[in-house]
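Only one structure is covered here, and it is reproduced in the block below.
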Amino acid sequence: MVKRTGLLFAFLVMVSTGAYAQKRSDIVVEDFEGTDYGGWTATGTAFGSGPAQGVLPGQMAVTGFHGHGLVNSFNGGDGSTGTLTSPEFKIERKFLAFLIGGGRHPGTTCINLLVEGKVARTISGPNDRPGGSERLDWRAWDVSDLDGQMARIEIVDRETGGWGHINVDDITQTDENPVEEIKTSTLYAETYRPQFHFTSNKNWLNDPNGLVFFKGEYHLFFQHNPAGIDWGNMTWGHAVSNDLMHWKQLPNALTPDALGTMFSGSAVVDWHNTSGFQAAGSKTPPLVAIYTAAGGTSPESKGQPFTQCIAYSNDEGRTWTKYASNPVVKHVAGENRDPKVIWFAPTKSWIMALYLDGAQFAFYSSPNLKEWTQIQKMDVPGTSECPDFFPLTVSGRPGIEKWVWTAANGHYLVGAFDGHKFTPETDLRQVDFGGNYYAVQSYSDIPEKDGRRIQIAWMTGGSYPQMPFNQQMSIPCTLTLRETADGLRLFREPVAEISKLHAASRTWNNQTVSPGDNPLHDLKGDLWDIQAEFEPGAATQVGLTVRGEAIVYDVAKKTLTCLGHTAPLELEGGKLKLRILADRTTLEVFGNAGRVSLTSCFLPRPKDQSLALHIEGGKAKLLHLTATPLRSIWPTADLGTK
Ligand code: FRU
């Protein structure tokens, strides 16, 4: 009896909650795929005469829209204004969802829902300060209270200053809120928490700092705002790892003082105790951090200039003591900053690469990390901030060593260094072409028997809606210097340790693939290491689509494109090698074994976990493809793949 009542109760609950009701399909109000606005009415000039096909002249890369067209009121730049109003339609679903990007100026760059001519709902874009991102993300209004009413959509651009434009796409009536899926509850298991990239547990992060290997630990210090989700209060956060994959965040290492907040810098092991910081009686060399005190960036450092300072640790980086006679390099120019230090054994000197101002950099030399002499100034147009400087042996040419100088954007020079002068022997070169690769730094003190030069970048500019943290690091990459038809080039590939995260993979070999073929159709997931090799043959484009974002090699153009950014790349022997690392918020693409890379942030719909081949124009040969799901590095998180 009890049982029967229970079943009847369950049945009634299911009926009343609609579990047996047929799912109503979405109604597309407008996807802006036409050449004009159809029945919509445009006023002013900002919206042009029809949907934009992506980016408009003078605009940063626009991403996140679907198909080819979108509303983009940057027509004529930020200064232009206008409105775009839809025909009347009936509200027939629970939610009105759309993709939106552009300026955050409530009321003047916004999308409005008009009912009886009045604004019933309104929302603005995400950006209100210089920088930011032109990406469109899902937003939705619950319109169940307006069911059956007639309405119009009005897209407004009445703003003429910075971020004076609005981007909209895919306005859809739906019973399923695409935004609702964001989980924020469990630390490290949040919807947009990268699962195999370092993020700070909470709050803002930017540049990797003080990358140093000591006693089996990779230290990752980082620019951190312990008190806020945006940049500020610069402090050195700290994490350690035994394998460059699994990170443990430790207490902050360097906190602001009267000389300034703690801007970027480096760290070294002072093996010969040149600094004298080694603890009395100890055999363990000190770690020394060389950092910028950014004077004037906090109330307590008001009026102070930017200077370079040092701090040391005798307990494997757990606690740090600032040198009593800081600064060690007084103010030189502008907001001089970001010292990167390396030991140069032939002259028993420390060499510091320092950013000065504009596009100007300098080199300094020191016997003891405390007294520094400027040895060279160098202008490198097209770069600024965060220099790095290190030797690399040319691959396959034992004994041929070159020096590589990189700037924050990763652009690099290759040349010679004799302890007194760096002589560039190449023009300025670029290995990464993605939209989110910045403030690169390489590890100091990797043991000689390992011999790698390992680099981490800040994946600047990613967006992490509703997350407790902001920004992330790139996957650590091994840099190699190789001879190519274009001379010496840096190659960049994920460190081998990523294989520690590999789950069981699926492999395909030697298949002829045509447009529309998708051997990967039954794979679902959000964490991937995919390695593929194509022979394009008759195809005009080959590549993959990961969670809705196409990674495309264009055979005629000889380009590899991902998320609106493009790298030049030649086929090698008629073949293309592609490696793709996909995390919840990033795609890192490597072409032809690291000849180029595209380090990019994205924000896919959490529900879209699809993988597909991208083949266009004719048949291609898929020589090889291995799709390997990756395991999360965070102990509390679910494996992202399903
Ligand atoms: C690069 C940078 C550095 C500076 C730091 C401040 O992103 O601007 O030049 O030291 O960030 O957070």
Side-chain angles (χ1 to χ4, degrees), residues 129-133 198-200 203-211 220-238 252-257 259-267 289-298 301 304-311 326-329 331-341 352-362 378 380 382-389 405-412 432 434-442 455-462 469-474 599 601:
R129 67 192 68 175
S133 160
F198 181 74
T199 48
S200 148
N203 290 327
W204 172 268
L205 150 166
N206 56 295
D207 313 356
N209 291 159
L211 301 186
L220 167 56
F221 300 90
F222 54 94
Q223 287 287 282
H224 185 38
N225 181 358
I229 200 79
D230 292 317
W231 186 91
N233 307 309
M234 288 340 280
T235 295
W236 276 33
H238 189 194
N252 294 327
L254 298 175
T255 53
D257 59 31
L259 291 179
T261 59
M262 305 288 103
F263 272 25
S264 287
S266 50
I290 309 95
Y291 63 93
T292 298
T297 55
S298 57
S301 67
Q304 294 287 344
F306 276 42
T307 56
Q308 317 316 318
C309 297
I310 55 177
N326 276 336
V328 293
V329 180
H331 179 255
V332 186
E335 295 185 340
N336 47 200
R337 60 186 181 272
D338 309 337
K340 177 71 165 92
V341 172
M352 176 196 292
L354 186 68
Y355 172 61
L356 295 183
D357 197 20
Q360 190 164 60
F361 295 81
M378 183 170 79
V380 190
T383 69
S384 86
E385 306 186 325
C386 303
D388 196 353
F389 190 52
W405 177 94
T406 64
N409 60 9
H411 294 197
Y412 64 94
D432 192 279
N436 308 88
Y437 175 74
Y438 199 68
V440 301
Q441 186 175 113
S442 68
Q455 185 194 62
I456 297 181
W458 164 33
M459 293 191 74
T460 175
F469 65 92
N470 196 356
Q471 307 295 295
Q472 71 175 87
M473 296 302 175
S474 73
T599 298
C601 293

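Nothing here was measured: the structure is a model prediction, and the numbers come from that model. Atoms within a ligand are numbered from 1 in the order they appear, just like the ligands themselves.
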(Q) Please list, in number order, the atoms of ligand 1 under 4.0 Å from a heavy atom of S264. (A) 5 (C), 10 (O)
Q) Which of the atoms in ligand 1, numbered in the order shown and given with their element, are less than 4.0 Å from a heavy-atom of Q223? A) 5 (C), 6 (C), 12 (O)
(Q) Taking distance alone, with N or O pairs closer than 3.5 Å, would you say R337 contacts ligand 1? (A) yes
Q: Would you mind finding which of T261, D338, T292, T460 brings a heavy atom closest to atom 9 (O) of ligand 1?
A: D338
Q: Evaluate the side-chain proximity of T199 to Q471: yes if any heavy-atom separation is below 4.5 Å, no if none is.
A: no
Q. Less than 4.5 Å apart, any side-chain heavy atom of E335 and any of Y355?
A. no
Q. What protein heavy atom sits nearest atom 2 (C) of ligand 1, and how far off is it?
A. D207 OD2, 3.3 Å
Q: Between Y355 and ligand 1, find which residue part has any heavy-atom pair under 4.0 Å and reply side chain, backbone, both or neither.
A: neither
Q | N252 versus H224, closest heavy-atom pair with distance | A | OD1-CD2, 3.5 Å
**Q.** Atom indices of ligand 1 within 4.0 angstrom of E385 heavy atoms, with elements
**A.** 1 (C), 2 (C), 7 (O), 8 (O), 9 (O)
(Q) For F263, run the ring pair (Phe, Tyr, Trp, His ring centres under 6.0 Å) check against F221, W231, F222, W236 and tell me which one passes. (A) W231
Q.
Checking E385 against Y438: is there a side-chain donor and acceptor pair closer than 3.5 Å?
A. yes
Q) Closest heavy-atom contact between F306 and N336? A) O-ND2, 2.9 Å
